[in-house]
Amino acid sequence: MKPVITAFERSPDGGRGLARDMRVRWALEEVGQPYDVRFVSFKALRELAHLAIQPFGQIPTYEEGELALFESGAIVLHIAERHGGLLPNDPNARARAIAWMFAALNTVEPPIFDRSLAMIVEREEPWYEQRLRALENSIRQRLDSLSRHLGEAEWLDGAFGAGDLLMVTVLLRLKGSPILEDYPNLSAYLARGEARPAYRRAFEAQAAVFAASNG
Ligand SMILES: N[C@@H](CCC(=O)N[C@@H](CSCc1ccc([N+](=O)[O-])cc1)C(=O)NCC(=O)O)C(=O)O
């Protein structure tokens, strides 16, 4: 049975893969699991039918038989647990890989996401420049630590896994920014993620949705 995920019928990110269905698409492509997409409008996000599976009125969701899941990180973890290839079998290595999933979403993503949101909705505020500087300092603090951990390694902890998948989608939001260019090993790490065939298939799929909605 093919799982069904939800995504924006018209993504505000212009097909750049920043909406969080991208990480679910990528995980499904990495494990070779075909899936269907139910596209939702911003209006539909607020309707009871969607709130019943996503209490915060957002995408993505993941439905498979009786299971309905929300939270992109939890969905990636579920996919990794149901299929091989995204988490190590060794219990300690698996636990460390899950720690990196949390680090991506809980430690690194927040200032990066908040900066991208601030640059859209807070530009006119009197305190915008100060807030932007504070957010960029927080981002640099996180990237200093991440860059130091990664060093010249290919992935965060051994083979590519769910923690790398999430971390790459987090860093994607900084692609092309002067901040990321200050960390050559993180720019190369992002490029390695983007070069994966499964990433390319997921990226092209979400980009095609935007192109079709823009047609
Ligand atoms: N913690 C949740 C967060 C999900 C989430 O942020 N969903 C967003 C889309 S991805 C975040 C996002 C939003 C916009 C852009 N963009 O580039 O315009 C990119 C990414 C959403 O549904 N927003 C609609 C709403 O809240 O009303 C998860 O990880 O699943």
Side-chain angles (χ1 to χ4, degrees), residues 3-30 35 37-64 67-82 86 98-124 132 135 139 142 162-177 179-180 190 193-194 199 202-214:
V4 181
I5 70 170
T6 49
F8 286 132
E9 67 180 12
R10 180 174 168 63
S11 177
D13 73 349
R16 286 184 295 138
L18 301 179
R20 291 183 169 109
D21 60 297
M22 172 65 200
R23 56 185 59 158
V24 174
R25 291 173 181 272
W26 185 6
L28 288 164
E29 292 288 354
E30 285 286 347
Y35 63 97
V37 185
R38 183 169 70 249
F39 296 105
V40 286
S41 65
F42 280 100
K43 177 174 174 294
L45 285 175
R46 304 286 183 262
E47 290 166 359
L48 289 178
H50 188 74
L51 292 172
I53 57 172
Q54 220 291 1
F56 303 96
Q58 297 183 311
I59 59 101
T61 57
Y62 174 99
E63 293 166 275
E64 183 189 14
L67 174 67
L69 265 186
F70 66 104
E71 278 303 329
S72 58
I75 296 168
V76 169
L77 178 58
H78 171 75
I79 293 165
E81 286 177 336
R82 284 284 171 88
L86 283 177
I98 291 171
W100 278 110
M101 294 178 73
F102 278 84
L105 302 185
N106 228 20
T107 299
V108 181
E109 183 167 55
I112 295 174
F113 186 79
D114 287 350
R115 171 179 173 269
S116 60
L117 203 60
M119 290 167 77
I120 297 170
V121 300
E122 296 172 351
R123 271 190 185 285
E124 305 310 318
L132 201 62
L135 284 171
I139 293 170
R142 298 301 184 220
D164 295 296
L165 185 149
L166 292 176
M167 195 67 82
V168 166
T169 62
V170 166
L171 295 179
L172 185 65
R173 207 176 288 282
L174 290 177
K175 185 176 180 181
S177 77
I179 300 176
L180 191 62
L190 172 59
E194 292 181 287
Y199 177 98
F203 186 88
E204 295 314 322
Q206 63 81 39
V209 175
F210 179 75
S213 70
N214 222 24

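Index from 1, following the sequence. In listed order, ligands and their atoms are each counted from 1.
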Would E47 and K43 satisfy salt bridge (charged side-chain N to carboxylate O under 4.0 Å, His left out), going step by step from the backbone distance to the final call? CA-CA 7 Å; E47 290 166 359; K43 177 174 174 294; 2.7 Å; yes
Could you go through the side chain to side chain contact (heavy atoms under 4.5 Å, CB included) check for M22 and F203 one step at a time? CA-CA 7 Å; M22 172 65 200; F203 186 88; 3.9 Å; yes
What do the steps show when you test Y35 against E29 for side chain to side chain contact (heavy atoms under 4.5 Å, CB included), and what is the final call? CA-CA 9 Å; Y35 63 97; E29 292 288 354; 4.0 Å; yes
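Scanning the protein for heavy atoms near atom 20 (C) of ligand 1, the closest one is L18 O, 3.3 Å. Closest protein heavy atom to atom 7 (N) of ligand 1: I59 O, 2.8 Å. In this structure, atom 12 (C) of ligand 1 lies nearest to the protein heavy atom F113 CE1, 4.1 Å. For atom 16 (N) of ligand 1, the nearest protein heavy atom (residue, atom name, distance) is D13 CB, 3.6 Å. The protein non-hydrogen atom at the shortest distance from atom 30 (O) of ligand 1 is S72 N, 2.8 Å. Scanning the protein for heavy atoms near atom 26 (O) of ligand 1, the closest one is Q58 NE2, 3.0 Å. Regarding atom 13 (C) of ligand 1, its nearest protein heavy-atom neighbour is F8 CE1, 4.5 Å. Shortest contact from atom 14 (C) of ligand 1 to any protein heavy atom: P12 CG, 3.9 Å.
By the criterion of a heavy-atom distance under 4.0 Å, neither the backbone nor the side chain of E109 is placed next to ligand 1. Residue F56 does not touch ligand 1, judged by heavy-atom distances below 4.0 Å.
Those atoms of ligand 1 with a heavy atom of P60 less than 4.0 angstrom away are 30 (O).
Between I179 and R115 there is a side-chain heavy-atom pair separated by less than 4.5 Å. Contact annotation: the side chain of L172 approaches that of E194 to within less than 4.5 Å [non-hydrogen atoms, C-beta and beyond].
Note: F56 and F70 have tilted aromatic rings, judged against thresholds of 30 and 60 degrees for the angle between ring planes.
Not counting sequence neighbours, the partners of F42 by the ring pair (Phe, Tyr, Trp, His ring centres under 6.0 Å) test are F8. Contacts of Q54 classified as side-chain hydrogen bond (donor to acceptor under 3.5 Å, both in side chains), with partners at least two apart in sequence or in another chain: none.
Residue nearest to atom 27 (O) of ligand 1, selected from R20, R46, R16, E71: R46 (by heavy-atom distance).
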